[in-house]
Amino acid sequence: MNEVDIVKALSALAQPVRLEMFRALTGAGRAGMTPGTMAQTLRVSPTALSFHLKELANSGLVTQERASRNIIYRSAPEEMNSILTFLSKHCCREIEEGAYPDKDRAGMQ
């Protein structure tokens, strides 16, 4: 993922309903969820649900697959892992290199 993709995905998650939807889809695993199930579970109107699912799909965090007359939505954990890898790539370098030998002095309580 490049920085543009990362920003798009994080922007999609920076909305409470979409974050809740993504978490619900992640919890559903590979089985995924239909829009009807999501709307009922999350108490979101079908119109709002459609809007938010479109944003999540455009960000790459959610996939959709037609199964007979239904559309199954699933989270894309590999995309989320890419985001986490990107964000943590340079994490804690100073701590590992000993720049903060006393975490209390560095304000890291």
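Just so we're clear, the structure is a prediction, and the values are computed from it rather than from any experiment. Just the heavy atoms: all of them, side chains too, but no hydrogens, waters or symmetry mates, feed the values below. Residue numbers count from 1 along this sequence.
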Discussion item. Filter on side-chain hydrogen bond (donor to acceptor under 3.5 Å, both in side chains), then keep only pairs touching residues 9-21, sequence neighbours left out; what's left?
Written reply: R18-H52
Worksheet item: Out of curiosity, K89 NZ to L87 CG, how far, rounded to the nearest 0.5 Å?
Response: 12.0 Å
Worksheet item: Do the side chains of M38 and L53 get nearer than 4.5 Å, heavy atoms only?
Response: yes
Discussion item. I'd like to check the side chain to side chain donor-acceptor pair (under 3.5 Å) partners of T37; sequence neighbours left out, ordered by chain and number.
Written reply: T34
Discussion item. Using the rule given for side-chain contact (heavy atoms from CB on, under 4.5 Å), can you reason through V62 versus M21, listing the C-alpha separation, both sets of side-chain angles and the distance that settles it, and then say yes or no?
Written reply: CA-CA 10 Å; V62 167; M21 290 170 69; over 6 Å; no
Worksheet entry | pair L56-L13: side-chain heavy atoms closer than 4.5 Å | yes
Item to complete: Name all pairs fulfilling the side-chain hydrogen bond (donor to acceptor under 3.5 Å, both in side chains) condition that reach into residues 38-47, sequence neighbours left out, sorted by first residue then second.
Response: none
Item to complete: Kindly state each residue pair satisfying side-chain hydrogen bond (donor to acceptor under 3.5 Å, both in side chains) with at least one member in residues 63-73, sequence neighbours excluded.
Response: Q64-Y73, E65-R74
Worksheet item: Residues in side-chain contact (heavy atoms from CB on, under 4.5 Å) with A24, at least two apart?
Response: M33, L42
Fill in: Minimum heavy-atom distance L84-S88, with the two atoms named
O-OG, 2.7 Å
Item to complete: Could you pull out all residues at least two apart from T26 that satisfy side-chain contact (heavy atoms from CB on, under 4.5 Å)?
Response: F22, S75
Worksheet entry | Shortest non-hydrogen contact from G60 toward A76 | O-CB, 3.5 Å
Worksheet item: So if you build clusters from Ile, Leu, Val, Met, Phe, Trp, Tyr with side-chain heavy-atom gaps below 4.5 Å, do L25 and F51 land together?
Response: no
Discussion item. Restricting to non-hydrogen atoms, name the atom on I72 and the atom on A67 that form the minimum distance, rounded to 0.1 Å.
Written reply: CG1-CB, 3.9 Å
Worksheet item: Considering residues at least two apart in sequence or located in another chain, which fulfil the side-chain contact (heavy atoms from CB on, under 4.5 Å) criterion with T85?
Response: none
Distance-only check: which donor-acceptor pairs under 3.5 Å involve side-chain atoms of residues 1-8, not counting sequence neighbours?
unit_1, atom_1, unit_2, atom_2, d
N2, OD1, V4, N, 3.0
N2, OD1, D5, N, 2.9

